[in-house]
Number of protein chains: 2
Amino acid sequence: MSVTARALALLSAFDERHRRLTLTELARRAGLPLATAHRLTGELLSWGALERLSPGSPYYVIGRRIWDLGLLAPVQSGLRQVASPFLHDIYAATLATVHLAVRDGDEVLYVDRLSGHQSVPVVSEIGSRLPLHCTGVGKVLLAHAPADVQRRVLGDLRRITPYTITQPGRLSAQLERTRREGYAQTVEEMSLGGCSVAVPIRRPTTGKVEVVAALGLVVPTLKRDKPRLVAALQVAAEGISRSLP
Amino acid sequence: MSVTARALALLSAFDERHRRLTLTELARRAGLPLATAHRLTGELLSWGALERLSPGSPYYVIGRRIWDLGLLAPVQSGLRQVASPFLHDIYAATLATVHLAVRDGDEVLYVDRLSGHQSVPVVSEIGSRLPLHCTGVGKVLLAHAPADVQRRVLGDLRRITPYTITQPGRLSAQLERTRREGYAQTVEEMSLGGCSVAVPIRRPTTGKVEVVAALGLVVPTLKRDKPRLVAALQVAAEGISRSLP
DNA sequence: CCCCGATTTCCGCTGAACGGAAGTCTCGCC
DNA sequence: GGCGAGACTTCCGTTCAGCGGAAATCGGGG
């Protein structure tokens with residue numbers, strides 16, 4: 001194992017459930033001897049990749065320097081920045097939870113999320129990953145994913161709620177419909193009491209148009225005004241597409 | 001220079017003006033021999049700290065893994081997440097550009113920013129740093145900063161616009177007023193055509209109350225409804241304070 | 001005061017990282 | 001299509017930076 005790999009192993013020890021770690025935990029989770037972890041931690045600390053939770057605290061946390069760097073990642077700097085004003089406009093118009101997501105392998109990666117106090121509580125956080133088959137944005141991304149991704153995902157439809165679609169044939173038909181009609185929807189397939197609609201964001205590259213992201217929103221029920229919501233999303237998606245770098 | 005430091009030097013080569021770099025640029029900016037840079041980028045690549053802009057492209061960019069990690073930083077995961085719904089509520093009520101910022105050394109670090117299409121264009125981006133003496137949130141943070149920070153900043157008041165305050169005495173008086181009245185304002189001191197108000201976000205820690213962040217908004221003019229804007233900010237700041245972890 | 005677990009420092013051995021140099025790829029230009 | 005310049009990748013012998021066991025230090029609870 002190379003030095004860099006060790007340093008990266010230390011950083012990997014942090015996750016959503018472990019945002020603060022002591023030296024000992026850090027060493028154990030990274031699989032490194034204490035003395036080694038201590039030395040490496042020192043270097044990361046002096047560079048700002050790690051910080052102490054507060055001065056003198058025994059807890060290490062991810063540092064601002066890493067946060068800074070992360071903001072330069074293309075997933076964030078291009079798409080998210082362009083989309084941001086559109087998301088806010090949608091939010092102001094609907095007060096629903098608004099999601100911006102991309103596909104990362106066989107999962108949905110949430111790139112941005114807006115929600116105020118009136119919104120339905122949802123599980124997604126910025127940076128979290130969820131299955132492709134049971135969320136609005138997931139279905140949109142899946143419908144436009146390469147064949148091998150679709151094959152893998154259709155072959156492993158985990159049930160999340162009683163309404164999650166677990167029959168490949170049924171989901172497959174929905175994906176077809178999503179492509180035809182230009183939007184996807186879910187009804188309590190990810191969490192009870194939450195319904196969603198979502199539309200694709202396309203980027204006209206040379207030669208072909210590809211779907212680079214999905215834009216969706218979560219509401220308590222779709223009964224009332226699905227057409228209005230879909231229309232709002234499509235206007236925004238269109239605007240985002242035109243502003244993409 | 002240690003190995004870790006070299007790897008980190010490579011990552012530091014990226015900044016807002018250089019979001020994509022070729023191997024050669026990367027090596028030059030990090031001050032490393034080409035062969036060394038090549039080996040290290042290989043490791044960073046395989047771990048996901050770096051990615052190629054698109055498969056086969058000669059450009060390196062910051063990877064998703066770093067973005068993921070950055071989201072675990074306390075600046076983001078604690079403060080920002082709690083504040084987010086409040087910011088959206090303010091935005092929905094005012095349609096102004098809303099800022100959430102902390103002090104990072106002798107600068108303001110913008111942690112979150114909302115702006116829609118109706119908002120005044122502003123220079124700040126999420127993750128960007130600006131001087132403490134000429135922005136609304138900056139003045140709030142400066143007013144509650146340790147004496148040595150105040151001394152350094154008051155000793156180096158760079159002029160940004162014709163309205164920037166560059167006399168230490170005048171700024172000092174404003175800081176005093178900010179502490180007394182509970183809010184700060186600027187009038188075209190950072191950019192022409194932009195005025196701002198801002199309030200502190202306090203955290204009641206054991207023993208003393210400390211100012212951990214500032215909440216502000218930017219509007220074309222303060223004439224009309226400053227009291228209303230300040231009130232809206234104060235309600236939100238109060239709410240955020242109470243929800244802080 | 002003493003104990004125990006966590007953290008920090010020390011230091012001699014060693015193998016992983018270093019980087020010059022040589023080989024390969026990829027353009028653009030003639 | 002051949003040639004040259006620049007960018008990228010691979011190789012490999014040397015060496016020194018990192019390794020980690022062990023010992024010292026810290027700190028809080030009994």
Side-chain angles (χ1 to χ4, degrees), chain A residues 1-15 17-63 65-66 72-74 205-207, chain B residues 1-15 17-63 65-66 72-74 205-207:
Chain A
M1 188 192 255
S2 72
V3 188
T4 316
R6 283 167 211 259
L8 297 175
L10 278 176
L11 294 178
S12 302
F14 293 89
D15 62 30
R17 310 190 48 73
H18 302 87
R19 292 164 188 269
R20 56 181 68 175
L21 297 169
T22 64
L23 180 61
T24 313
E25 292 171 318
L26 211 42
R28 187 165 32 74
R29 287 176 59 84
L32 296 177
L34 208 60
T36 305
H38 180 255
R39 185 166 29 78
L40 289 176
T41 312
E43 290 194 50
L44 294 172
L45 217 45
S46 76
W47 187 73
L50 292 180
E51 290 173 15
R52 314 215 80 127
L53 181 53
S54 53
S57 158
Y59 284 107
Y60 290 88
V61 295
I62 297 289
R65 197 81 183 254
I66 295 280
L72 300 175
T205 350
T206 48
Chain B
M1 188 192 258
S2 74
V3 188
T4 315
R6 283 165 213 260
L8 297 175
L10 278 175
L11 294 178
S12 302
F14 293 88
D15 63 30
R17 310 191 47 74
H18 303 87
R19 291 165 188 270
R20 56 181 69 175
L21 296 169
T22 63
L23 180 61
T24 312
E25 291 171 317
L26 211 41
R28 186 166 31 76
R29 287 176 59 86
L32 297 176
L34 205 60
T36 304
H38 180 255
R39 184 168 28 79
L40 288 176
T41 47
E43 288 192 52
L44 293 171
L45 217 47
S46 77
W47 186 74
L50 292 180
E51 291 174 14
R52 314 214 80 127
L53 182 53
S54 54
S57 156
Y59 284 105
Y60 290 89
V61 294
I62 297 289
R65 196 82 183 254
I66 294 282
L72 300 175
T205 349
T206 50

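Naming: A, B, ... by sequence-line order, numbering from 1 per chain.
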Under 4.0 Å, heavy atom to any atom of DNA chain C: which of residues 44-57 of chain B qualify? none
Positional range of nucleotides in DNA chain D within the contact set of chain B, heavy-atom, under 4.0 Å: D:dA7 to D:dG18
Should we count CZ of A:R29 as having more than 12 external heavy atoms under 6.0 Å? yes
A:R19 atom CZ, neighbour heavy-atom count above 12 within 6.0 Å: yes
Of the non-hydrogen atoms in [X] and [Y], which two are nearest, and what is the gap between them?
X	Y	answer
A:L40	B:T4	CD2-OG1, 3.7 Å
A:L44	A:A7	CD1-O, 4.1 Å
B:A30	B:L10	CB-CD2, 3.9 Å
B:A27	B:A37	CB-CB, 3.7 Å

In sequence, state the C-alpha distance, the side-chain angles, and the governing distance for A:L26 and A:L32, and then conclude on side-chain contact (heavy atoms from CB on, under 4.5 Å). CA-CA 8 Å; A:L26 211 42; A:L32 296 177; over 6 Å; no
If each end axis of the helix from C:dC1-D:dG30 to C:dC30-D:dG1 is fitted on five C1' pair positions, the angle between them, to 10 degrees, is 40°
To the nearest 0.5 Å, how far apart are [atom1] in [X] and [atom2] in [Y]?
X	Y	atom1	atom2	answer
B:R28	B:L21	CZ	CG	9.0 Å
B:L72	A:D15	CG	CG	7.0 Å
B:T24	B:L34	OG1	CG	5.5 Å

What protein N or O atoms touch nucleotides 23-27 of chain C N or O atoms at under 3.5 angstrom, if any, and at what distances?
none

Identify each donor-acceptor pair in which a side-chain atom of residues 45-56 of chain B lies under 3.5 Å from a protein atom, sequence neighbours left out, and give them as a table.
residue: B:S46; atom: OG; partner: B:E43; partner atom: O; Å: 3.0
residue: B:W47; atom: NE1; partner: A:S12; partner atom: OG; Å: 3.4
residue: B:E51; atom: OE2; partner: B:R64; partner atom: N; Å: 2.9
residue: B:R52; atom: NE; partner: B:S57; partner atom: O; Å: 3.0
residue: B:R52; atom: NH2; partner: B:Y60; partner atom: OH; Å: 3.2

To the nearest Å, give me how far apart CG (A:L26) and C1' (C:dT8) are. 15 Å
Going 5' to 3' through nucleotides 15-22 of chain C, assign each nucleotide B (protein heavy atom under 4.0 Å from a base atom), S (under 4.0 Å only from sugar-phosphate atoms) or - (no protein heavy atom that close). --SBBB--
